[in-house]
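First comes the structure, then the notes that go with it.
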There are 2 protein chains.
Amino acid sequence: MRTPQITLHQSNFMNTKDQIVSIANRMILEKGYNSFSYQHLSAEIGIKKASIHYHFPAKHDLGIAVIQFHHESFKNFVTEIKEKGKSPMQQLDEFFGTYKHIITQKNQICLAGILGAEFKTLPENMQEEMQSYFESRRKWLEKVLADGLYSGDFRFTGQPKDMVFIIMSTLQGILQIARTNQNPDYFFLATQKIKNLLLNG
Amino acid sequence: MRTPQITLHQSNFMNTKDQIVSIANRMILEKGYNSFSYQHLSAEIGIKKASIHYHFPAKHDLGIAVIQFHHESFKNFVTEIKEKGKSPMQQLDEFFGTYKHIITQKNQICLAGILGAEFKTLPENMQEEMQSYFESRRKWLEKVLADGLYSGDFRFTGQPKDMVFIIMSTLQGILQIARTNQNPDYFFLATQKIKNLLLNG
DNA sequence: GTCTATATATAGATAGAC
DNA sequence: GTCTATCTATATATAGAC
């Protein structure tokens with residue numbers, strides 16, 4: 001039995017299409033888009049390659065489905081957090097928490113980390129899908145930072161938009177480096193340093 | 001004519017073997033190790049695939065040569081900077097400066113950024129070569145930070161070793177994100193934030 | 001919706017002539 | 001040291017039977 005992925009769990013209750021997306025998602029986070037194949041999927045799911053093509057005619061159709069799944073998860077996260085009425089700092093902490101499954105599952109890095117590296121080799125429609133997903137996250141975080149400046153939760157200098165890039169790149173980079181260095185603790189250290197930056201930088 | 005890479009320039013004066021490493025290097029930084037082939041190299045260099053196999057029998061031989069080239073470049077950088085007798089902060093600035101060619105050449109990210117993402121798909125000997133290269137950089141930067149704490153150049157809390165990971169992951173992440181967002185300015189912003197962290201964090 | 005069979009392209013690699 | 005020719009494996013994808 002495989003470990004479940006994010007909120008999308010692989011189980012006997014899942015239909016074939018969702019199961020394909022779930023396993024493709026794990027493979028992409030482990031090895032990247034270019035290094036997994038319908039053959040690999042086939043072996044693991046237990047149906048033939050041709051059957052996977054029935055659900056996702058071209059590989060990029062599946063690639064896009066995986067990105068959209070992450071995008072949907074993020075939208076759900078945003079909706080949930082709105083209802084809770086948390087402070088900007090608490091929202092930031094919850095955001096950091098969404099990375100938790102990546103850190104605890106040793107072999108993975110974040111989607112942006114892997115597809116960002118492969119970016120120039122991806123089909124154009126996948127590039128656009130990634131940019132849309134990234135933009136969605138960027139905008140949300142920018143608003144949290146702006147709100148935090150206004151409320152006094154944060155006290156950094158410069159534009160929220162610029163700080164967003166620093167934060168997201170630090171998270172993305174640390175996940176990559178933590179993986180090759182087998183030390184997930186660095187993620188928590190990084191989030192601490194980011195907070196310092198937001199309070200003093 | 002192609003733009004030269006780092007200190008290794010592609011030119012008519014370069015022998016075939018070096019030329020192969022030079023072009024493979026650029027292709028890896030643009031597309032990654034898994035997404036370039038002897039076929040692509042062949043087309044660009046103007047000799048046949050079989051001839052490339054003469055110089056580098058297996059693809060990972062070439063991959064290792066590229067990593068070692070970066071490692072050698074870094075060793076040269078370290079040697080040069082030692083002779084100059086610079087302060088820790090100046091050394092840090094020079095270190096940031098070694099990323100300059102990546103930022104100005106739009107299509108590239110740093111070697112660790114691309115091979116770190118592909119890490120789990122790389123042959124074992126390439127993984128080891130990468131870890132050796134990374135360790136070399138890590139140790140050097142740790143010493144600079146420790147020296148800087150001692151001299152008073154830096155005033156951050158926590159261990160230099162931990163701070164190294166934060167710095168390297170921020171650089172790696174920002175280069176990736178700057179590429180997909182077409183904005184090299186974020187690199188300079190990131191280096192500024194790192195300095196803030198070293199002075200107040 | 002899943003299967004077998006097949007098509008087509010490309011990758012990494014080797015043998016042997018020049 | 002470079003070439004042509006060839007091998008074997010794999011990838012993406014389609015056709016058509018069940």
Side-chain angles (χ1 to χ4, degrees), chain A residues 10-67 114-115 118 120-127 129, chain B residues 10-28 30-67 114-115 118-127 129:
Chain A
Q10 185 192 349
S11 81
N12 299 329
F13 307 113
M14 196 183 284
N15 66 38
T16 306
K17 193 163 182 174
D18 289 344
Q19 213 181 335
I20 293 169
V21 173
S22 169
I23 299 187
N25 175 53
R26 175 170 50 72
M27 287 182 169
I28 288 175
L29 294 182
E30 276 178 20
K31 309 190 150 196
Y33 176 77
N34 293 315
S35 298
F36 89 97
S37 69
Y38 277 33
Q39 189 72 264
H40 299 138
L41 278 174
S42 166
E44 191 154 332
I45 300 176
I47 64 173
K48 297 294 170 181
K49 282 195 297 177
S51 309
I52 303 177
H53 277 287
Y54 168 80
H55 297 284
F56 300 97
K59 194 186 178 186
H60 63 243
D61 295 322
L62 178 50
I64 285 178
V66 168
I67 300 172
I114 194 88
L115 296 191
E118 293 185 296
K120 294 194 59 84
T121 71
L122 299 179
E124 206 176 335
N125 49 5
M126 279 187 68
Q127 291 189 359
E129 203 66 42
Chain B
Q10 184 193 351
S11 80
N12 299 329
F13 306 114
M14 195 183 283
N15 65 37
T16 306
K17 193 164 183 174
D18 289 346
Q19 214 181 335
I20 293 169
V21 173
S22 169
I23 297 186
N25 176 54
R26 175 171 51 72
M27 287 182 168
I28 288 175
E30 276 178 19
K31 308 189 150 199
Y33 176 76
N34 292 315
S35 298
F36 89 97
S37 69
Y38 276 33
Q39 189 72 267
H40 298 138
L41 278 174
S42 165
E44 191 154 331
I45 301 175
I47 64 173
K48 297 294 170 182
K49 279 198 299 177
S51 309
I52 302 177
H53 278 286
Y54 168 81
H55 296 284
F56 300 97
K59 194 186 178 186
H60 62 243
D61 295 322
L62 177 51
I64 286 178
V66 168
I67 300 171
I114 194 90
L115 296 191
E118 294 184 296
F119 198 73
K120 294 194 58 85
T121 71
L122 299 179
E124 207 176 334
N125 49 6
M126 278 186 68
Q127 291 190 358
E129 202 66 43

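Proteins get letters first, then strands, A, B, ... in listed order; numbering begins at 1 in each. Because the structure is predicted, anything quoted here is derived from the model rather than measured.
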| field | Contacts of type ring-ring contact (aromatic ring centres under 6.0 Å, His included), residue B/His55, not counting sequence neighbours | value | none
| query | What closest approach, in Å, do B/Val66 and B/Ala24 show between heavy atoms, and which atom pair accounts for it? | reply | CG2-CB, 4.0 Å
| request: Work out which heavy atom in B/Ala65 is nearest to a heavy atom in B/Val21; give both atom names and the distance. | output: CB-CG2, 4.1 Å
| message | Just to be sure I understand the rule, does B/Lys59 reach a base, reach only the sugar-phosphate, or reach nothing, if contact means heavy atoms closer than 4.0 Å? | response | sugar-phosphate
| request: Could you check A/Ile23, A/Leu29, A/Ile28 and say which one makes a side-chain contact (heavy atoms from CB on, under 4.5 Å) with A/Asn25? | output: A/Leu29
| query | What stems, by residue range, does DNA chain C take part in, given at least 3 consecutive Watson-Crick or G-U pairs under 3.5 Å? | reply | C:1-18 with D:1-18
| Length of the line joining B/Gln39:CD and C/dA11:P, which is rounded to integer Å | 6 Å
| message | With heavy atoms of chain A within less than 4.0 Å as the criterion, where does contact along DNA chain D begin and end? | response | D/dA11 to D/dA15
| message | For A/Tyr38 versus A/Ala58, what's the shortest heavy-atom pair and its separation? | response | OH-O, 3.2 Å
| message | Is the positively charged end of A/Lys17 above the ring of A/Phe56, judged by distance under 6.0 angstrom from the centroid and angle within 45° of the axis? | response | yes
| query | Cation over ring, A/Lys48 on A/Tyr54, under 6.0 Å and within 45°? | reply | no
| task | Tell me what A/His60 touches on the nucleic acid: a base, only sugar-phosphate, or nothing, going by heavy atoms under 4.0 Å. | result | nothing
| note | Within residues 51-58 of chain A, those residues having any heavy atom closer than 4.0 Å to DNA chain C are A/Ser51, A/Tyr54, A/His55
| task | Please name all residues satisfying side-chain hydrogen bond (donor to acceptor under 3.5 Å, both in side chains) with B/Ser35, sequence neighbours left out, ordered by chain then number. | result | A/Asn34
| note | All heavy atoms of A/Leu122 vs all of A/Gln127, minimum pair found to be O-NE2, 3.3 Å
| task | Just jot down the side-chain contact (heavy atoms from CB on, under 4.5 Å) partners of A/Pro123, sequence neighbours excluded, or say none. | result | A/Tyr33, A/His60, A/Asn125, A/Met126
